[in-house]
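These notes concern the structure reproduced below.
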Amino acid sequence: MKQNIIIVILSFLFTNIYGQKNELGYKTESHKIYSSDNDEYLLKVTFPRNYDPNKEYKTLYYLDAYWLTEIVLGSYTILDLCDYVENIVFVGVSLHGSEKDWNTQRNMDFTPTPFQNLGLLDKLKEKDEKNKMKITITSGAGNLFNKNSTGGANLFLDFLENDIINFIENKYPNLNKRKGLLGHSLGGLFGFYTLKNRPELFQDLLLISASLSWNSSEIVSEEFFSKLLKSKTDIKLYHSYGTDEVKATVKSNNTLSEMITQKEIKNFNYNFSPIKKANHHSVLSRAIYDGLLYLYRK
């Protein structure tokens, strides 16, 4: 979500696209939603088998639906068919467009502050005039991290709470029992940013391989707990990464986990489970499966 210097009031347009039901009985309805910058997002709402609109359901919002839909819903399907988990409704959230569009938007939406470094080096500069050395950091599809393409998490969090969630709960009034958030990589960073700033918004969190080293691990600090310690919300958090990931990810996630376990946070159920012999992407299948089971086990 791009930052605007001038704040303007614009209406948001919501469009129902289609509904599909698969052979196992799970139905997905898709909707388009437009931000104030006219960025087009796609919401994928997937209902459990034997869905009853007169019953209330827990809801899990998962980021990066552009490429995580199949693995998220596939993991849940296995657990559901084995009768291990509750009936829940999934809401996939992603920019609607090309892979490059999606990567560009997530770089902006999921990062708390404009890019300085990824915590991989003590000091990372785009250009060192003295040595004539240029260092570039890329995200998927060759997109560059820079100060102008990052730092919009505050705007996206407002959009998520005030527009996406409001739209879903107005269209489906029975989806207000309990909300969850699933995020991976930069999406995991955004999940922890949300937990830090609005701990009451989501009660179930599944955060994987969070890019907590962002800007010298700025989010991993005592300030992280200022609102969380005061919150009365009943929260469950499944936190994971792959042990074969880069050292910056391992270190920053371990550090935050140690801080969490040392705090006496009321009504906070925490499961920290690094996955052995898994990297930044192979961790997904195992962590999503285990996380769903932890959050929604019958």
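Please read these numbers as outputs of a predicted model, since none were measured by experiment. FYI, side chains are in, hydrogens and waters are out, and symmetry mates aren't considered; it's all heavy atoms of this structure.
- Using cut-offs of 30° and 60° for the angle between ring planes, the Phe159 and Phe156 rings count as tilted.
- Although no hydrogens or angles enter the test, the distance criterion places no donor-acceptor pair under 3.5 Å between the side chain of Ser149 and the main chain of Phe145.
- When the shell of 6.0 Å around NZ of Lys276 is examined, it contains 12 or fewer heavy atoms from other residues, nucleotides or ligands.
- Within 6.0 Å of NZ on Lys266 lie no more than 12 heavy atoms contributed by other residues, nucleotides or ligands.
- In this structure, Lys196 places its NZ atom where more than 12 heavy-atom neighbours from other residues, nucleotides or ligands lie under 6.0 Å away.
- A donor-acceptor contact shorter than 3.5 Å links the side chain of Asp52 to the backbone of Asn54.
- Salt bridge Lys263/Glu222: present, at least one basic N to carboxylate O contact under 4.0 Å.
- The aromatic ring centroids of Tyr57 and Tyr172 lie 6.0 Å or more from each other.
- Residues Asp101 and Tyr66 have side chains that never bring a donor and an acceptor to within less than 3.5 angstrom of each other.
- Applying the 6.0 Å contact sphere to OH of Tyr84 captures no more than 12 heavy atoms from other residues, nucleotides or ligands.
- Distance CZ/Phe190 to CG/Leu207: 10.5 Å, rounded to 0.5 Å.
- Using cut-offs of 30° and 60° for the angle between ring planes, the His184 and His281 rings count as tilted.
- With hydrogens and angles disregarded, a donor-acceptor distance shorter than 3.5 Å links the side chain of Thr261 to the backbone of Ser257.
- Using cut-offs of 30° and 60° on the angle between ring planes, the pair Tyr238 and Tyr294 is tilted.
- Taking the charged nitrogens against the carboxylate oxygens, Lys58 and Asp204 have no contact shorter than 4.0 Å, which rules out a salt bridge.
- With hydrogens and angles ignored, the 3.5 Å screen pairs a side-chain donor or acceptor of Ser213 with a backbone N or O of Leu118.
- A salt bridge links Lys179 with Glu169: the distance from a Lys NZ or Arg NE/NH1/NH2 to an Asp or Glu carboxylate oxygen falls below 4.0 Å.
- Of the listed residues (Tyr193, Phe115, Phe192), just one forms a ring-ring contact (aromatic ring centres under 6.0 Å, His included) with Trp214, and that residue is Phe115.
- With Ser282 contributing its side chain and Ala278 its backbone, the two residues share no donor-acceptor pair below 3.5 Å.
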Next item on the list: For side chain to side chain donor-acceptor pair (under 3.5 Å), just list the numbers for Thr46 and Thr28, CA-CA rounded to whole Å, side-chain angles, deciding distance to a tenth of an Å, and then say yes or no.
Entry: CA-CA 4 Å; Thr46 302; Thr28 296; 2.8 Å; yes
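- For the pair Ser273 (side chain) and Ser240 (backbone), a donor-acceptor distance under 3.5 Å is absent.
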